[in-house]
Amino acid sequence: MKAIVTRFAPSPTGTLHIGGVRTALFNYVYAKQNNGKFLIRIEDTDTERSTKEYEKNILDNLTSIGLKPDEDPINQSERNEIYLKAAEKIFQSGNAYWCDCSQEELEEMRKAQIAAGKKPMYDGRSRNLGLEKSDKTVLRLATPEDGEIIVNDLIRGEIKFNNNELDDLILLRSDGSPTYHLCNVVDDYEQKVTTVIRGEDHISNTPRQIHIQNALGYPELEYAHLPLVLGTDKKRLSKRNAATSLEEYRDRGYLDSAILNALARLGWSQGENDVFYMNDLIKEFNIKDVQKAGAIFDITKLDWLNSQHLANLSIESFKEQLQPFLQQLDIDIENHENSNKLIEAMRTSDNTLSGIAKSLIPYYKDIKEYDEKAIKKFINDKNILTEIRDLLDKIDIWNQEVIDSVLKEYQLKNELSVPEVNQPIRIALTGSTKSPGLGLTLSIFTKNKAIERINKLLDKLS
RNA sequence: GUCCCGUUCGUCUAGAGGCCUAGGACACCGGGUUUUCAUCCCGGCAACAGGGGUUCGACUCCCCUACGGGAUGCCA
């Protein structure tokens, strides 16, 4: 069995797209589970739209999320001679010809075809003219006029195309530069790619590319066309309907492993198990089981997966992941009497790291704003707070159990309801009524700090 | 228009002719645990696009229709 080689071939015309990550992921996993190689090729033949910044963004992000190629990426823009040589070979074999139709002429032709109810396609009018190369000619592939081409797709099975549906595509532009189809086919061959895993939008390109392969005498490839990632409007995921850039998701506090999990789960499932990691994927993934229909990318599922991945982290790696988000809020994670206890208590407060970081603010910084509605609702009698403060102040061993029992005793002795005792303290300490268990919350702070916060609220109320 | 691909709960999916009274997960709703919030636990709601075949039997196979998507570039 020959070694599998897959590739991800992005155009650097934007930052790394979440859909691109999924394509790259499936390529990566398929290669790895077959002990093969995963390659990256930068398709930057569109010099107008391609930039080095985008290229760097794509490469950096792929690597950092764990989809590292097994060889250095190649750039199509640096491989012109190779494509030109291939084009020459096709021309020499009689499978291509020069065509001098102007863009206007082609435009008119298409309009006429549409008007006549026909499929707009190049009609091959220059095919037998025997034109010579000039600065006005493009090189076109002479596609077989009849017969059919069968694309064997790992996911969809056989897909048939009639050759008469395919027109003579352009191999070389009039400025001499090679087009996407040519470069793509030549590079797959040169990079010894065996398996092309790409988006469903490329299905109709496939028979055309096979014709180029045939003209060049290249071996057949394996194909797998992935269903598209859709936005909630069922249209393909784009900036119009969702965040599309991988970086945006990372910035919002989603773990790489959760993003990958969510993306893999979109179109593929592993029994009844929803939470999995790269290792599981490499072990269990089967490209033949990939769904055929496009799938909507649902952020709530990502939220949940993220919470699961977050929960599976050790306290050390959780802190490590959280660090940058706290830094953004100008918080030093260790700048707290009891940071481990605090983080452990608060790590389930939100589904994302940025959300968790936000909910930690009251523990690191002075309370700027109190929840006024809560104050109204729970603090009718300031004396309760004063008395509790004094009781707390007398505690010698400042820990969760002692604090809890002191509060309980006070509550029972004064025949108060639990919220009457607890909520005011909570508001004093965090500004809101949301916090971990009271004894725990109090013990996270030093006694002095806790008293100080209660006093501050009392001041405000007086 | 033409060609291609597709269509199971709101969403992601299981389902390879009888195992389906269509299963799971997320979301949602209700209950419990937690003195609050979150976590966690339990329960509930909810789908085979429609119509014809084939078959003793169809979510599963075939055909048609509808709907959705993709392609139809000297973009990739």
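Proteins get letters first, then strands, A, B, ... in listed order; numbering begins at 1 in each.
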Categorize [X] for me: base, sugar-phosphate, or nothing, with a 4.0 angstrom heavy-atom threshold over every strand shown.
X        : value
A/Arg347 : nothing
A/Cys101 : base
A/Leu305 : nothing
A/Lys301 : base
A/Gln291 : sugar-phosphate
A/Asn261 : nothing
A/Thr433 : base
A/Glu344 : nothing
A/Lys160 : sugar-phosphate
A/Thr45  : sugar-phosphate
A/Phe297 : nothing
A/Ser269 : sugar-phosphate
A/Leu266 : sugar-phosphate
A/Asn184 : nothing

Notebook entry, point to check: Mapping A/Gln103 and A/Thr300 onto RNA chain B by nearest heavy atom, which one lands closer to the 5' end?
Noted result: A/Thr300
Using Watson-Crick or G-U wobble geometry with both distances under 3.5 Å, which nucleotide pairs with [N]?
N      : result
B/rC40 : B/rG32
B/rG6  : B/rC67
B/rG1  : B/rU72
B/rG17 : none
B/rG57 : none

Given [options], which nucleotide is nearest the side-chain atoms of [X]?
X        : options                : result
A/Ile159 : B/rA76, B/rC74, B/rC5  : B/rC5
A/Phe161 : B/rG70, B/rG1, B/rC4   : B/rC4
A/Lys119 : B/rC37, B/rC5, B/rC3   : B/rC3
A/Trp304 : B/rC12, B/rC26, B/rC4  : B/rC26
A/Pro120 : B/rA76, B/rU72, B/rG23 : B/rU72

Next item on the list: Before accepting this row, confirm whether a basic side-chain N of the pair A/Glu200/A/Lys292 lies closer than 4.0 Å to the acidic partner's carboxylate O.
Entry: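 A salt bridge is absent here (no side-chain N lies under 4.0 Å from a carboxylate O).
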Next item on the list: Answer yes or no: is there an ion pair linking A/Lys358 with A/Asp350, defined by an N-O contact shorter than 4.0 Å?
Entry: no
Quick check on the 6.0 Å ring-centre criterion: do [X] and [Y] meet it?
X        : Y        : answer
A/Trp398 : A/Phe445 : no
A/Tyr223 : A/His202 : no
A/Phe285 : A/Phe26  : yes

Next item on the list: Could you check how far CG of A/Asp167 sits from P of B/rC74, rounded to whole Å?
Entry: 9 Å
Check: Rounded to whole angstroms, how far apart are CG on A/Asn273 and C1' on B/rC12?
Finding: 14 Å
Checklist line | Check: A/Leu16 and A/Val21 side chains under 4.5 Å, non-hydrogen atoms | finding: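 They are in side-chain contact.
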